[in-house]
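I have placed the structure first, in the form of structure tokens, so that the comments after it can refer back to it.
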Number of protein chains: 2
Amino acid sequence: MAEPRPVRRQARGERRIAEILDAALSLFAEVGYEAATTNAIAARAGISPGSLYQFFRNKEAIAQALSARLVEGTRDAHAAAFADRPVATLPLDELVDLMLDPLIEFNVSNPGAKSLFGNTDMPAQLAAATRPLHEAVTRRVTAVVTARAPHLSAVEAARTATVVVQIVKAMMPPIVAAETEERAALVTELKRAIRGYLAPLEDATT
Amino acid sequence: MAEPRPVRRQARGERRIAEILDAALSLFAEVGYEAATTNAIAARAGISPGSLYQFFRNKEAIAQALSARLVEGTRDAHAAAFADRPVATLPLDELVDLMLDPLIEFNVSNPGAKSLFGNTDMPAQLAAATRPLHEAVTRRVTAVVTARAPHLSAVEAARTATVVVQIVKAMMPPIVAAETEERAALVTELKRAIRGYLAPLEDATT
DNA sequence: GCAAGATACGAGTGATCGCTCGCATTAGTC
DNA sequence: GACTAATGCGAGCGATCACTCGTATCTTGC
């Protein structure tokens with residue numbers, strides 16, 4: 001179980017790694033994880049199979065690194081949205097904008113992301129890699145719900161957050177796939193749906 | 001391209017086919033389409049690999065037959081719900097119950113169904129097999145939306161239906177996975193979300 | 001009861017794919 | 001410029017898997 005001796009990456013190597021991940025992401029998005037052969041990934045990255053394995057122990061490591069890259073992007077986009085905002089007192093529609101806009105933007109500019117998350121054709125261990133992200137997002141939403149609807153029990157707040165997250169996740173593929181005009185309309189509808197779901201909870205401060 | 005000569009199935013054969021489909025569904029649900037080997041499917045069905053190919057031309061044919069079986073079930077469940085009901089005038093909450101309850105029941109009693117639909121690890125041709133179902137459901141929902149909110153344009157009604165279908169689809173996995181008590185709570189939340197989304201459209205009969 | 005065909009078997013075949021290995025080339029360090 | 005390590009190559013190995021084939025056993029129709 002000896003660690004496989006660290007490697008001092010050169011700038012060239014870092015570039016290669018990025019190229020491999022780009023190639024892998026686009027291939028995964030096109031044909032899925034299983035059908036994407038490592039030789040095809042290497043070919044798309046413009047290198048030989050041997051070179052690919054210079055940088056990744058195996059196929060799963062590629063997916064893991066890719067997953068990490070996307071998780072990081074999503075987390076950053078989401079975290080930035082919440083930084084130093086009075087989430088408890090903001091008008092609901094502004095809050096919804098704040099939560100969704102960065103997420104939507106990230107997914108639109110990374111069209112392959114959705115094809116990695118939520119697909120069951122990858123090793124279980126890998127699917128697990130995205131769970132921390134999912135949990136972190138849900139936790140954050142739970143906190144917001146709790147702050148705005150304090151009369152909810154912890155279980156109820158968590159459930160509410162789950163519903164919100166699921167709805168957002170579900171609308172992402174059509175939003176990403178749509179042309180800009182229809183996309184805007186779908187985003188509007190998504191926000192309306194979220195507001196329609198959350199508004200009654202906040203009014204119920206009897 | 002000669003048709004591969006029809007076979008006069010015996011009762012035994014029909015039983016075997018059903019057993020194979022059961023085995024395939026559970027395996028697909030556990031490990032995904034690609035990872036489910038045909039030998040493993042045969043083993044789980046209690047037959048030899050050779051026998052499996054007595055009934056199915058190839059692996060994809062198994063998935064296709066399975067898909068057909070599930071599509072039929074879903075369609076029936078959905079169609080039955082709408083039979084001879086005044087969908088245009090029914091109170092919204094009753095309508096939502098009418099639309100969702102049969103679908104939820106079917107998915108709960110066929111836990112593998114969701115793992116087949118909406119997974120991209122199967123041949124494109126196969127994923128296409130579930131599209132007619134998806135379209136049929138969306139069309140039906142569009143019709144209901146149009147009937148209840150006539151002020152919407154065709155495009156708007158279709159968009160609304162898309163959102164409703166996506167939300168329902170998204171909530172199905174958590175609902176299926178949950179224990180009975182939490183499941184009931186999630187169903188309640190789902191219905192609340194749908195009502196919250198649809199209600200404003202109906203009020204807007206200015 | 002007998003032929004025809006449906007069902008059953010399971011070792012084996014050909015193709016695919018993840019990954020390796022031996023070796024060549026390039027970049028970094030002194 | 002010389003030494004070391006990183007990067008690069010691509011033919012091919014070993015394992016896996018969808019599927020076949022020769023053969024044996026049941027079921028059905030007459």
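Letters A, B, ... mirror the listed sequences (proteins, then strands); counts begin at 1. Because the structure is predicted, anything quoted here is derived from the model rather than measured.
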What nucleic acid atoms does Ile47(A) come within less than 4.0 Å of, heavy atoms only: base, sugar-phosphate, or nothing?
-> sugar-phosphate
With side chains defined as the heavy atoms from C-beta onward, is the minimum distance between Glu156(B) and Ser153(B) less than 4.5 Å?
-> yes
Describe the nucleic acid contact of Ser51(A) in one word from base, sugar-phosphate, nothing, applying a heavy-atom distance below 4.0 Å.
-> base
Charged N-O contact under 4.0 Å between Asp93(A) and Arg195(A) | no
First of Lys59(B) and Gln10(B) reached from the 5' end of DNA chain D, by closest nucleotide | Lys59(B)
Side chain of Arg8(B) - closest among dG29(D), dA18(D), dC19(C) = dG29(D)
Could you tell me whether the phosphate oxygens of dC9(D), OP1 or OP2, come under 4.0 Å of any side-chain nitrogen or oxygen in Ser48(A)?
-> yes
Of dC19(D), dT29(C), dA8(C), the nucleotide closest to the side chain of Asn39(B) is dC19(D)
Which of these nucleotides, dA8(C), dC19(D), dC17(C), is closest to any side-chain atom of Phe55(B)?
-> dA8(C)
Whole Å only: how far is the CZ atom of Phe56(A) from the P atom of dT7(D)?
-> 12 Å
Minimum side-chain heavy-atom gap Leu201(B)-Arg192(A) below 4.5 Å = yes
Side-chain heavy-atom pair Phe106(A), Asp76(A) within 4.5 angstrom cut-off | no
Provide, to the nearest angstrom, the distance between the CD atom belonging to Glu34(B) and the C1' atom belonging to dG18(C).
-> 15 Å
Hey, are the side chains of Val87(B) and Met99(B) touching, using non-hydrogen atoms and a 4.5 Å cut-off?
-> no
Distance, rounded to the nearest Å, where Asn58(B) contributes CG and dC17(D) contributes C1' | 14 Å
Can you check the Glu14(B) CD to dT28(D) C1' distance for me, whole Å?
-> 15 Å
Describe the nucleic acid contact of Ala61(A) in one word from base, sugar-phosphate, nothing, applying a heavy-atom distance below 4.0 Å.
-> nothing
State, with a plain yes or no, whether a side-chain heavy atom of Ile17(B) is found less than 4.5 Å away from one of Arg9(B).
-> yes
Students should find that the end-to-end axis angle of the helix from dG1(C)-dC30(D) to dC30(C)-dG1(D), with five pairs defining each axis and rounding to 10 degrees, is 30°
Could you tell me whether the side chain of Lys169(A) reaches within less than 4.5 Å of the side chain of His134(A), counting heavy atoms only?
-> yes
Less than 4.5 Å apart, any side-chain heavy atom of Leu95(A) and any of Leu198(A)?
-> no
Whether over 12 other heavy atoms sit under 6.0 Å from Glu94(B) CD | yes
Between dT27(D) (C1') and Arg16(B) (CZ): distance, integer Å = 14 Å
Let me know the distance between CD of Gln54(B) and P of dG22(D), rounded to the nearest Å.
-> 15 Å
For the pair made of CZ in Arg15(B) and P in dA6(C), what is the distance, rounded to whole Å?
-> 17 Å
Reading 5' to 3' through nucleotides 20-25 of chain C, protein heavy-atom contacts under 4.0 Å coded B for base, S for sugar-phosphate only, - for none = B-----
Take the protein atom CD1 of Ile41(A) and the nucleotide atom P of dG18(C), then report the distance between them rounded to whole Å.
-> 8 Å
Check every atom of dG18(C), dG10(D), dT7(C) against the side chain of Arg9(B) and return the nucleotide holding the closest atom.
-> dT7(C)
Tell me, please, whether Tyr53(B) has Lys59(B) positioned over its six-membered ring: NZ or CZ under 6.0 Å from the ring centre and within 45 degrees of its axis?
-> no
